[in-house]
There are 2 protein chains.
Amino acid sequence: MASIKDVAAEAGVSVATVSRVLNDHPSVSADARTRVLAAVETLGYRPNAVARSLRTDQTRTLGLVISDVMNPYFTELARSVEEEARSLGYSVIIGNADERPDLQDHHVRTLLDRRIDGLLVSPTDGGSPLMLDAARTGTPMVFVDRWIPGVDVPVVRSDGRGAVRDLVAHLYGLGHRRLAIIAGPAATTTGRERVEVFREALGAYGLELPDAYTGQGDFQAESGRLVTEGFLDLAEPPEVVFAADNLMALGALDAVRARGLRVPDDLALAAFDDIRWFVHTDPPITAIAQPTGELGRAAVRALVDRIEGRPGESVTLPARLVVRRSCGENHTPVQRSTT
Amino acid sequence: MASIKDVAAEAGVSVATVSRVLNDHPSVSADARTRVLAAVETLGYRPNAVARSLRTDQTRTLGLVISDVMNPYFTELARSVEEEARSLGYSVIIGNADERPDLQDHHVRTLLDRRIDGLLVSPTDGGSPLMLDAARTGTPMVFVDRWIPGVDVPVVRSDGRGAVRDLVAHLYGLGHRRLAIIAGPAATTTGRERVEVFREALGAYGLELPDAYTGQGDFQAESGRLVTEGFLDLAEPPEVVFAADNLMALGALDAVRARGLRVPDDLALAAFDDIRWFVHTDPPITAIAQPTGELGRAAVRALVDRIEGRPGESVTLPARLVVRRSCGENHTPVQRSTT
DNA sequence: AGTGCTCGTGGAATCGATTACATCGACCGG
DNA sequence: CCGGTCGATGTAATCGATTCCACGAGCACT
């Protein structure tokens, strides 16, 4: 592969001049410029990004460590992150943690080794020493979706409080009184928060969230299935299950089906995170939709701001309720959306 | 960030010795080794992968350019690719082409600039000069799922011939005679091939595939919807629609629903690519399942073989039919699977 | 004419690793 | 006791860019 030296030789100038042409530095003569450009063309020269990075100490690459690529929510997030990054002249390397802290650490480590300019993380846990360290020692960093409390890093996320309130209103209006939740891992902010918000919303209607109705999941489909089976085995099973993410909702659906029961008649179902497949399930699932694309874009903007020396602030965007048929037919005024 | 020089100073040895310790070269004294390791520890030193890559001319990174990350099939492929690569000591950078040749080119270019060790591609089109060039000039490369005919690059893919035959047998057994297909882009091998294989399988039953029953899609949901509407507008609409990928099947489902019709009673539906959501749609969708994970792993192995100087061969794995309810209740002997 | 700019250019240092080569003791066999 | 080998180590070249600095030419102003 041709290097800058070859180009310099071909054009009859020094490597310094070639570099100047390529980075369009002002003081290069028109003549030199055309000769260099011609040489670049004939040699099919492409600058070696590795060498450039070594010298300039910037890779124009962002790292994105997400909890689970197979989760459509994160896939969409990853896609919007890449799009926005590309439009700002950055590439992104995605690391899939699969909800495993060790894998998360592995990815953070290799990304750091590769000297990415900044890191976007949706933490799987409370934060390993490695990540805390990176944050402290000044690696530009932004949390997206989930975050680690007490760490001084901007957070880009959505606030589901209003939407969960709308959901509870919807459920209450439908006559449901025994509501259960499949929580996410307590180590994640979203895992904890969604339960709290739900409990709070129930409180407004004088309803409780007993321990028996609080199942512990891990954001994966299988855990949703297991927890739902537990609910169904209860002497007095809940009337509604609210899954804290889309995969656990899928698992819940499995569990209900496996018993020959039906949604919403035997058990109503709602989920946090709206994905396009929810329109096509049987029945279509009522969900809380996050502005996923906007979240990804905002996160990249915040990170790039940090990288380029600007402030880079936290952003919180509201989620909204999308009512479908999985909680029963709807006749209340809280309906907000469709499709 | 501490460099190898700092470590050398701290340990009281030369950088060469530090490097030797880190790459466990045999001739280093135990004493030097422990001192270096201690220094590494206290300084929290991590080797700069950028510098190392420049010197060794290898990045231990694979590039993966896929057609569409939002397609669950490719998401799963990407995941298995990353897993296998990681186990072999490589990282992977994913580029999402979104079925757009220009984006595909953009990613190939930046990956090449970053001097990735090898490239895994699922081409969106017939191949740009850039990609053809890369293949010719010796960049280790492997095609996965789709390929470009006439280019001397190993191909890892699945063969749907047998499964499509099983599908047609299943449909025929159910009494269907008017079968239509939503094809993928003619620029892709899978787009063309699936139509041919389908036509061939129909032929075995004395059935034709008229032009009117061959809709042109682009592997995206919207095109599936459009094509299906066209089919439904026909004076004599087909009894079955076979979508050449999962997203177009989703679009077809939309189209059928939008008219208040039902699957499979009014129109039966089958898809190439099985994804977990198909179990949960209404009705569950009959599909041809590729061994996606195995495909991804085999592709990585072939690529790494090439990179490390071993042959690196093409692999073809069989797909299989998974019968569900979207084509009508099944009483034929060809049923092969469940779940 | 002399001074001081600016402009275009090349030489060389630099980034942080790896590694060929040289050096120096120690040890071994004859 | 001496030449040779081997093991441990350091010095310096190298990878391919960017960029500081120096230099010379041309030009304007006094």
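Letters A, B, ... are given to chains in the order of the sequence lines, protein chains preceding strands, and every chain is numbered from 1.
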Peer 1: Can you find a pair of side-chain heavy atoms, one from A/D145 and one from A/Y73, that are under 4.5 Å apart?
Peer 2: yes
Peer 1: For A/S3, which contact category applies under a 4.0 Å heavy-atom criterion: base, sugar-phosphate, or nothing?
Peer 2: sugar-phosphate
Peer 1: If you check every side-chain atom of A/T17, which of D/dG16, C/dG10, D/dT18 has the closest atom?
Peer 2: C/dG10
Peer 1: Can you measure B/M1 atom CE to C/dG16 atom C1' for me and round it to whole angstrom units?
Peer 2: 13 Å
Peer 1: By nearest nucleotide on DNA chain D, pick out whichever of B/T56 and B/A32 is the more 5' one.
Peer 2: B/A32
Peer 1: By nearest heavy atom, map B/R33 and B/R55 onto DNA chain D; which one lands nearer the 5' end?
Peer 2: B/R33
Peer 1: Is the count of non-hydrogen atoms from other residues, nucleotides or ligands lying under 6.0 Å from B/D102 atom CG greater than 12?
Peer 2: yes
Peer 1: So which nucleotide from D/dA12, C/dG10, C/dT9 ends up closest to the side chain of A/V13?
Peer 2: C/dG10
Peer 1: Measuring only between side-chain heavy atoms, which start at C-beta, is B/D218 closer than 4.5 Å to B/E99?
Peer 2: no
Peer 1: Quick one: is D/dT18 close enough that its OP1 or OP2 comes under 4.0 Å of any side-chain N or O from A/N23?
Peer 2: yes
Peer 1: Can you find a side chain N or O atom of B/R52 that sits less than 4.0 Å from OP1 or OP2 on C/dT18?
Peer 2: yes
Peer 1: Within the structure, does a side-chain N or O atom of A/S14 lie under 4.0 Å from either OP1 or OP2 of C/dG10?
Peer 2: yes
Peer 1: Any side-chain donor paired with an acceptor under 3.5 Å for A/R114 and A/T61?
Peer 2: no
Peer 1: C/dG10 base to A/R20 side chain: any donor-acceptor pair below 3.5 Å?
Peer 2: yes
Peer 1: Taking the side chain of B/S19 as its heavy atoms from C-beta onward, which of C/dT9, C/dT18, C/dA17 lies nearest to it?
Peer 2: C/dT18
